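Below is one structure, written out as structure tokens, with a few remarks after it.
Given the structure is predicted, the values throughout are model-derived calculations rather than measurements.
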Amino acid sequence: MEFNYSYKGNTSVNQSANQTQMSFSPDTKRPPTYFVGELHQNVSFREAISALHDVVVSDLRFKPKDKAAYLEWRKQQDEIDWDLVAAMKQEVAAKIRPLQEELNELNKRKNQRYQPYYRAQRKYFDYLYKKDYDMWYVLDPVITVHPDEVFFECFSEDESTYGRLGASYEVFKNINEFACGTTNIDYSAALYDEFQKIRSYKTTQFQVDPSGFEVQTTNEEAYKEVKIDLPDSWVRGFLQVSSAMCLPSIQFDLHPMDIYNICLVLRRHKEKKGPRSIRYHLKPGEPVRIVFEPWDIEVVCARSPYTGNQEETIRVWGRRRLHILERLIPIAKKFTVHLLGTGMPSFYVADLGDMSFTLGLSGWTANDWSQSGNFDLMAPRADVDEWTQKLIFNGLRENWQETADSLAQKLNLSRAAVTGALSVYTQAGRVIYDLNKQVYRVRELSREPLPMDRLRFANERESSATKFLNSNRVRVLSVNDRDGKTTLQGTVNNYNPSLTIDSDERIINAECTCNWHKQNKLFKGPCEHILALRMQHARQCQ
């Protein structure tokens, strides 16, 4: 999938003794989106944007050990051994010795003569690395300007970690002008080093350059055209994150020192065998307990009581990605943890006062967002006609952010219709759910509509569910409505699926007798039999 960008120049940072000016170059092919202001909370913003950079460069995939150096050393050792064998013969050794000394002298002269070449070669490789460093980041970060905040979004190299930094307007002062919308910004590799120079005693000007949208046909050379061929998995991973954030989760708060203790245990210990998980023990009214496997080290979060109503024990993997939160510990007031279940994704929302940082982690590092997690299949899937969908989207766009309840009340529609339509736009990359403020926000991931036939599903489960419906092999045996939740039981092609749907039409629990579900549970989304039962119930309710 090819994305085309056009930037007027490059992102630039101008430093002086008492002032820093950061100018981001936006994509000129998108609708005008710009922001001009002066940083008021310099140090906090520096630490938060640096943590976002840690997400961008994060890659914890297994890398096999490179044995090239060892093999070369082994080859040299073999040659040395043969020399020793030859040297055992005195007559041969007498002839070899002067020749070896002469060869060593020649090699020494050769190395001296090649030193300028080696230095030039190293300098050239360094230049290429810096010049093409942006290509290590599959997509330039996405920045969105809203009436209440500006937020950045990015994805890690291994596609298992998502980061979002939201900065309210209180973070800035002397805001001159802004235009709401979403754009891609030119984010060069050297920009991270410039961020580290932000100081509290220096004035920092922050702007998404509005001049990038001026039309000057006589200066076309000032624009930088960028074409990036993106893998479908990267874009689809972004959509899966948005869908997962809409799902119900178990929430609790952690004190910043609790996050520090988690990182401390992971720094001091290195696992050599499994299991490599963290167990969260949640008991109402008692402090959150965290157990690190396989050492069974327990951290009691005395400052963080669990306020839920039901006792839970949840295991999560890919824990070393939590080191990304380390830079936020000194400036964070609290961390709100959202757990979708054992082996499921988790979200950590750092309360930074006038800023928030959301870290989204897939079930485990190797289980990236795009390939294995079909969380869009668990999202609300109420059938909403196209006209109503557009009405709801336009209603959301009026204020750029709304809750589902306020939007339903404003448009005089049912909450189920609103959540169903917003789910469709979330899966299309046009809407995102803000975990920090619990609202839906307009966020256009791309300029053109995404090819959903390529991105939405990585398997044939929903297609198989549709075939079951069309062949009349789905039966709903019982429907139980209780406490705003609907529990379904039925038969699909000789299997016995069951599921529970909450008031927002989201799957919160499901079981099936098929082999696929027994092996994967909901770690990779629901099986085709669960989907078929849900679709049959929706059809009967129409």
Side-chain angles (χ1 to χ4, degrees), residues 244-266 274-319 321-322 325 333-351 358-364 367 373 375 378 435-436 438 480-489 498-504 506-512 517-526 530:
M245 285 194 289
C246 298
L247 297 177
S249 62
I250 298 170
Q251 302 179 27
F252 55 91
D253 293 337
L254 290 180
H255 190 274
M257 283 305 298
D258 299 327
I259 297 295
Y260 171 81
N261 290 331
I262 291 175
C263 295
L264 179 64
V265 172
L266 296 177
R276 299 176 172 87
S277 69
I278 291 179
R279 280 201 321 268
Y280 288 99
H281 294 269
L282 311 174
K283 192 172 182 179
E286 295 187 5
V288 175
R289 293 190 301 113
I290 304 174
V291 178
F292 296 82
E293 297 177 324
W295 318 293
D296 288 334
I297 298 175
E298 183 178 283
V299 173
V300 178
C301 306
R303 305 175 183 86
S304 307
Y306 178 58
T307 58
N309 299 322
Q310 187 175 353
E311 185 174 352
E312 303 279 356
T313 299
I314 299 176
R315 298 174 70 192
V316 296
W317 284 263
R319 57 196 180 188
R321 293 173 291 177
L322 293 176
L325 300 175
K333 296 182 177 180
K334 66 176 181 178
F335 291 83
T336 302
V337 184
H338 301 255
L339 303 178
L340 269 63
T342 296
M344 300 284 281
S346 55
F347 295 92
Y348 297 78
V349 182
D351 181 1
T358 302
L359 179 68
L361 307 178
S362 61
W364 56 93
N367 181 22
F375 306 107
M378 301 170 64
L435 278 176
N436 180 51
Q438 304 287 303
N480 183 15
D481 293 320
R482 185 177 181 181
D483 298 331
K485 300 177 182 178
T486 302
T487 301
L488 308 177
Q489 291 184 340
S498 63
L499 68 147
T500 302
I501 304 173
D502 67 3
S503 58
D504 291 328
R506 303 173 298 187
I507 295 179
I508 59 176
N509 191 23
E511 295 291 339
C512 186
H517 181 81
K518 290 180 179 179
Q519 289 182 342
N520 300 286
K521 302 296 181 183
L522 293 176
F523 299 158
K524 298 183 178 181
I530 295 173

Checklist entry - What pair of heavy atoms forms the shortest contact from Q251 to Y306, and how long is it? => result O-CE1, 3.8 Å

Next on the checklist: Let me confirm one number: the CG-SG distance from N520 to C512, rounded to the nearest 0.5 Å.
Outcome noted: 12.0 Å

Next on the checklist: side-chain contact (heavy atoms from CB on, under 4.5 Å), that's the test. Do F335 and L325 meet it? Break it down for me.
Outcome noted: CA-CA 10 Å; F335 291 83; L325 300 175; 4.2 Å; yes

Checklist entry - Where is the tightest heavy-atom contact between S498 and Q489, given as atom of each residue plus distance? => result CB-CG, 3.9 Å

Checklist entry - What pair of heavy atoms forms the shortest contact from L322 to C263, and how long is it? => result O-SG, 3.9 Å

Checklist entry - Which heavy atom of P526 sits nearest a heavy atom of I507, and at what distance? => result CG-CD1, 4.4 Å

Checklist outcome for this item: Smallest heavy-atom separation, S346 atom then L339 atom, equals CB-CD2, 3.6 Å

Item to check | L499 side, atom CG; I508 side, atom CD1 - distance, nearest 0.5 Å | outcome: 9.5 Å

Checklist entry - Sub-3.5 Å donor-acceptor pair from the side chain of D258 to the main-chain atoms of H255, do we have one? => result yes

Checklist entry - Can you find a heavy atom in the side chain of I501 that is under 4.5 Å from one in the side chain of K485? => result no

N/O donor-acceptor pairs under 3.5 Å from side chains in residues 275-302, not counting sequence neighbours:
| from | atom 1 | to | atom 2 | distance (Å) |
| --- | --- | --- | --- | --- |
| S277 | OG | E293 | OE1 | 2.3 |
| S277 | OG | R315 | NE | 3.4 |
| S277 | OG | R315 | NH2 | 3.3 |
| R279 | NE | H281 | NE2 | 3.1 |
| R279 | NH1 | E293 | OE2 | 2.4 |
| Y280 | OH | Y348 | OH | 3.0 |
| R289 | NH1 | E298 | OE1 | 2.7 |
| E293 | OE1 | R315 | NE | 3.4 |
| E293 | OE1 | R315 | NH2 | 2.8 |

Checklist entry - Within a strict 4.5 Å, meaning less than it, do heavy atoms of the L361 and L359 side chains meet? => result yes

Item to check | Nearest-0.5 Å distance, CG of residue N436 to CG of residue D351 | outcome: 6.5 Å

Item to check | Closest approach of H517 to L522 (non-hydrogen atoms, all atoms of both residues) | outcome: CE1-CD2, 4.3 Å

Checklist entry - Does S304 reach the side chain of F252, with side-chain heavy atoms less than 4.5 Å apart? => result no

Checklist entry - Quick one: are I250 and I314 in side-chain contact, heavy atoms under 4.5 Å? => result yes

Checklist entry - How about L488 and T486: do any of their side-chain heavy atoms sit closer than 4.5 Å? => result yes

Item to check | Pairing residues for T336 by the side chain to side chain donor-acceptor pair (under 3.5 Å) criterion, not counting sequence neighbours | outcome: D253

Item to check | Distance-only side-chain donor-acceptor flag, S362 / R321, under 3.5 Å | outcome: yes

